[in-house]
Structures are given as C-alpha cells and as structure tokens.
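Data block below; observations after.
Start at 1 with the first residue, then count along the sequence.
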Amino acid sequence: MARFTRTTQRALVAASAMTVAALALAGCSGSGSSDAESGDTLVLWHYEGEDSAMGKAWDAAIETFKEENPDVTVEFEAKGFEQIRSTASQVLNSDEAPDVMEYNKGNATAGLLASQGLLTDLNDAVAEYGWGDLLAPALQTTAKYSPEGVMGGDTWYGIPNYGEFVTVFYNEDMFADAGLEVPTTYDEFVDVLDAFVAQGVTPLAEAGAEYPLGQLWYQLALSQADRQWVDDYQLYANPVDWQGEQISYATQTLKDYIDAGYISSDVAGMKAEDAGTAFIAGQYPIFVSGSWWYGRFLSEISDFQLGLFPFPGSDLSLGSSGNLWVVPENAKNKELAYKFIDITMRPEIQAIIGNNGGLPVAANEADITDEASLQLISAFNAINEQDGLAFYPDWPTPTFYDAIVANLQELANGTATPEQVQTSLGDEYDSYASQYWE
C-alpha cells in the first residue's frame, strides 16, 4: 500500500487479475534482445511527480541517457499510479508495452505479473551490470520472485533504486504550542493524542478512501508482531490467525482511535492527497505515512518546522525497497531499458534522490549534503540495521488493497464491527494464500 504507495497504492484489481489469467503469455524468457541500433526509441513510463526526489533524479537520468545514446529517441510518458495499477496487465500483454516502467513491488503486483509471464527475467542483466552488489539483501526481497510470484525468490524481475518506509511526521510548532514533547513509548504517544483532543485538535491526519488508514492499521498490528508473523503474513510461511492477537489489537485500536477523536469522523471519504495537504496546511499535528512525502513536505511546508520520529513501541515498520524498474516481456528495446536502469543506479543520480528527500540505495554518503535529507536517511538506516522493514498490508493478494480500503471504511463508518472486518479480510486473504500452504 505503498502508494502506492506510492504508494502506497496498491494492488491489481480483481478484474485485471482475471484478464491476465485469461490472456497471459505461457512463460517468461530471458533478457535476450538485439543490441540497440540507430533510430531506436526507448519508451519509458513512471508515475513520480516532477518535484519529487525520484522525479528529479529520473529526469537527470533521461538527460544522461540522451547524451550517451544520441541516436536514440526517448519517449517518456507520465502516468498516474491508478492508471498503471488498473491497466498494466492488459497493456503489458499487448504490443503497446513500454520498454521500461515503474511498477509497484510485492506479491500482488510485480509478483503476479512475473508469475504470468508479463515481465522479463533480469538475472542476466543483473549479473552483467552488477546491480545485486549495490542492493542490501533486505532490499532485494521485493525485486526477486518465485515461479509462483512470491517475493524473496531466485529470479530478478525488477530493480529498485530507492527505498521507502513509513514513519511519524509531526508539526514541531503545534507540539511546542501544546507543551508536548516527542513520545518515545507507546503510552506517551497515546498521552500526546489525548492532549491534543483535550485542546480541541484532531491529532492524526488520515485517509480512509486510500492507503493511509490501512497502513496505520498494519503498523498497529506490527507493534504486537515479530518477524515470524511478518513471514507468515507476507510470504505465506504459515496460516495467519485473523482473530488472533496482532490483527485483533490493530482493528480494535483503530476503532478506539476513531471513537476517541484521534481521527476525523469523515475519514472514510478522505484520500491520501487530502490528508497530506491538510498536514502541510497545519490542520493536523501528526501524519503517519511514507517517506515518499518527505521531499514534498520540505518544499511546500513554510509555516512550521517539520519533524519525524519512529512509531513508538514497535520494532517493525512498514517499508521496503522502493518501486521497481521492470522491463515488460513484450518490450521492443530491452537492452536500452537496461542501460537506462543502470544510469539510475549511478552515484550522481543516487545523490539527486538523496539530496531531495528520497532514500537512495547506492549513493556515496559524502555526496548527500542536505541536512534534512540526512535525517530521513539516518532514520531509514536505523530500521534496516535491525531488520525492521515489514512491507505493506495489501501485498498478499491481488485484490487486498481494495478489500482493506473497503473494510476499514466500514469500520470507520460504524457499519461493521472489528470482528466482522477481520472475518471479511481473513476470508479474502485465505482464498488466495491457502494455495501456498498445501
């Protein structure tokens, strides 16, 4: 749900999955493609904003590619996340597929398309360009898939060149005006929420119509979980108890947050953009969301000082590698795609990501000169050092993003109890994940 999100953001809809099942190619071949010739065109899609860290870095990468390949035309098409999410399967199964595109990582997205033969096996390209040497093992998990499309497999189907994680952004000025300090324990966090409510302030910027509310729900579950539970949930290591401690705590606590006024009563109709812009405008003191917002916050927040802290009381955080560069199996110029991907991994391009609020995966630390960016990178590294990245809640099934959004909207509106929400989500999850337990 990385947005994707970003998100995220973030799984193929059921209709798309059915279309792929009906039309998918029989299998995936290797990375073979004829060398580029004069007059070739590189068709590139991504959905990052122009002012985002990745957007700026990839614009620079396109210019570098043009300089190094003067006989090649670059056709860049900016796409919306939802546009790619809902149509990727049909497009990639046609002759309209781009040569390289940004796509969301995870079992339900990149894994699903890889399992159905729509993405190119990148093992040979990874060996040729040495990308595996630039990516920490934890960041490789979402780039490699099994034949069934489960992440953590042996075959590379995508290359990430940035990381992402969910943290707690806060308005330092609102905290100071309220006489509050940054919480370091979960009890202190709840005390902060109560203090804001007592002063007539709704503390949490949230959105129930898209990914943020589901990410908060999953973060609450992670606060009661360990790595084995994450492996069970994300990698189907064992069945998940949908009325068990972790999920029951998350769902009930989310309801308690709404009932206590920590979250706006109209959250079900709010989108991620609504929550983010309201936080930027100083309407809420806290926003639990992803690092993909950071660059925008730095450029758009002018009326208060921005701070961040890890979600208190949890050793696990939502996060992973960033979205992937994938090469469709039907791409016409795969070798050109590999050349472009390789440029995005160069230190000078990675430094652009890092100095604009992003999280580079292969930058030289000395190249990161922006102090605010170093703060975010340090927070990300701290999570990585304790193996704390726990992915996103919607990844396990192709339709789980929509299911989580719909069920948590019902919870927020009071039309479903926590137990009903958990039963509904559990049925959805088990209908897909049970195939891996046999």
Side-chain angles (χ1 to χ4, degrees), residues 25 27-48 54-55 57-79 83-84 87-105 109-111 113-114 116-135 139-140 142-145 155-162 321-346 348-350 353 361-362:
L25 302 178
C28 55
S29 63
S31 61
S33 176
S34 61
D35 290 338
E37 297 178 357
S38 176
D40 278 341
T41 298
L42 174 72
V43 180
L44 183 155
W45 294 358
H46 73 68
Y47 45 77
E48 301 298 335
M54 283 66 72
W58 297 347
D59 281 348
I62 289 172
E63 292 307 310
T64 298
F65 180 91
K66 290 178 178 177
E67 292 170 4
E68 296 181 359
N69 301 273
D71 294 330
V72 175
T73 299
V74 177
E75 290 185 1
F76 164 59
E77 297 182 28
K79 301 288 184 178
Q83 182 182 11
I84 289 182
T87 64
S89 57
Q90 295 96 322
V91 172
L92 298 193
N93 199 43
S94 74
D95 59 5
E96 299 299 318
D99 297 306
V100 61
M101 63 180 277
E102 179 186 12
Y103 200 61
N104 204 26
K105 65 280 172 194
T109 47
L113 296 190
Q116 295 168 334
L118 298 179
L119 301 181
T120 298
D121 175 341
L122 299 178
N123 278 4
D124 290 345
V126 170
E128 178 182 353
Y129 287 96
W131 297 326
D133 296 333
L134 301 176
L135 295 167
L139 299 177
Q140 294 184 20
T142 55
K144 301 164 70 175
Y145 295 86
T155 304
W156 292 82
Y157 284 104
I159 302 297
N161 61 14
Y162 70 98
S321 73
N323 291 330
L324 307 173
W325 287 123
V326 299
V327 178
E329 181 62 14
N330 284 349
K332 298 178 178 65
N333 287 303
K334 295 182 181 181
E335 294 298 333
L336 293 179
Y338 306 152
K339 289 181 179 180
F340 176 78
I341 292 171
D342 192 56
I343 290 172
T344 70
M345 301 296 282
R346 293 180 186 175
E348 62 269 25
I349 303 299
Q350 290 284 296
I353 294 175
V361 297

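Here the closest non-hydrogen pair linking T142 and S321 is OG1-OG, 2.5 Å. Listed here is the closest heavy atom pair of Y129 and K339: OH-CG, 3.7 Å. In plain terms, the two heavy atoms of L336 and F65 that are nearest each other are O-CE1, 3.6 Å.
N330 contributes a side-chain N or O that, together with a main-chain N or O of S94, makes up a donor-acceptor pair within less than 3.5 Å. A donor-acceptor pair under 3.5 Å is formed between the side chain of D99 and the backbone N or O of V43. The main-chain N or O of Q350 is never found under 3.5 Å from a side-chain atom of N161 such that the two would form a donor-acceptor pair.
Looking at K105 and N323, their side chains come closer than 4.5 Å, going by heavy atoms from C-beta outward. In this structure, K144 and Y157 have side chains that are not in contact, with every pair of non-hydrogen atoms separated by 4.5 Å or more. Residues I159 and T344 fail the side-chain proximity criterion, which asks for heavy atoms closer than 4.5 Å. At least one side-chain heavy atom of L118 sits less than 4.5 Å from a side-chain heavy atom of N93. Side-chain contact between E329 and L92 is absent, with no heavy-atom pair separated by less than 4.5 Å. Counting only heavy atoms from C-beta outward, the side chains of E48 and Y162 approach each other to under 4.5 Å. Residues N69 and F340 fail the side-chain proximity criterion, which asks for heavy atoms closer than 4.5 Å.
Atoms CD and CG, on Q140 and L134 in that order, are 10.0 Å from each other to the nearest 0.5 Å.
A salt bridge does not link K332 to E75: none of the charged side-chain nitrogens sits closer than 4.0 Å to a carboxylate oxygen.
Here W131 pairs with D342 under the side-chain hydrogen bond (donor to acceptor under 3.5 Å, both in side chains) rule; sequence neighbours left out. Scanning for side chain to side chain contact (heavy atoms under 4.5 Å, CB included) contacts around A143 gives W156, P160, L324, with sequence neighbours left out.
Between W58 and H46, the ring planes lie perpendicular to each other; the angle is over 60°, past the 30° to 60° tilted range.
With 3.5 Å as the limit, one finds a donor-acceptor pair spanning the side chains of K334 and T120.
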